[in-house]
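Here the structure is laid out as structure tokens; the discussion comes afterwards.
Counting starts at 1 for both ligands and their atoms, in listed order.
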Amino acid sequence: MTGASFNPSAEPARRTIMAAAGAAGLAAALTACGSSDDSSGSATDNSGAGSTTQDSNGSGGNSSAGGGGSALAKTTDIPEGGGTIYKDKAVVVTQPTSGTYKAFSTKCPHAGCAVSSIADGAIVCPCHGSEFAIADGSVKKGPATTGLTAADITVSGDRITLA
Ligand code: FES
């Protein structure tokens, strides 16, 4: 009888130990799940850093949209049969006939002075009196022997821009 009484009490004790080991195993498994959650959190942080690159691409597009020629004048600023000198741009814009606009460098080809006035259909250099035609910049009066250098302009509506 004595031996028989040991066996039933020993089996539940073993089951208890096994159950405790199983609980410890579950706890370890839960801890492992917790640590994997942490690693997925840091992965989210990395994707956030990627969006910063997209922002810099957007600002690059905005700056390129501002390109184009620089505004110089309005067509109404240029008298027909005459012209206007823009000293800061070193350009003279003329309107030899209605609606036709020409532009030239203000640098006189004789000795490099800047032309300073327009009179009687001619662009006049103050240094030695050379005169140039408003229609094509050619020499009308010396001592200059070559005409003014043409400048590129674009007329769009009433806006004149330097190319
Ligand atoms: Fe213009 Fe001499 S520099 S006429």
Leu148 and Val115: side-chain contact (heavy atoms from CB on, under 4.5 Å), yes or no, with the steps?
CA-CA 10 Å; Leu148 295 174; Val115 298; 4.2 Å; yes
Which of the atoms in ligand 1, numbered in the order shown and given with their element, are less than 4.0 Å from a heavy-atom of [X]?
X      : result
Cys125 : 1 (Fe), 3 (S), 4 (S)
Cys113 : 3 (S)
Ser130 : 4 (S)

Spacing of Asp77 atom CG and Tyr86 atom OH [to the nearest 0.5 Å]
4.5 Å
Evaluating non-hydrogen atoms only, which member of His128, Lys107, Glu131, Lys141 is closest to atom 2 (Fe) of ligand 1?
His128
For Lys140, all residues meeting side-chain contact (heavy atoms from CB on, under 4.5 Å), sequence neighbours excluded:
Ala122, Glu131, Ala133
With the side chain counted from C-beta on, respond yes when Leu162 and Asp152 share a heavy-atom pair under 4.5 Å apart, and no when they do not.
no
Flag side-chain contact, heavy atom, 4.5 Å: Val92 against Thr94:
yes
What is the name of the N/O/S atom in His110 that sits closest to atom 2 (Fe) of ligand 1?
ND1
Report the C-alpha distance between Cys125 and Cys108 in whole Å, list the side-chain angles of each, state the deciding distance to 0.1 Å, and finish with yes or no for disulfide bond (SG atoms under 2.5 Å apart).
CA-CA 7 Å; Cys125 179; Cys108 177; 3.7 Å; no
Is atom 2 (Fe) of ligand 1 less than 2.8 Å from at least one N/O/S atom of Cys127?
no
Protein contact to atom 3 (S) of ligand 1 [nearest heavy atom, distance to 0.1 Å]
Ala111 N, 3.3 Å
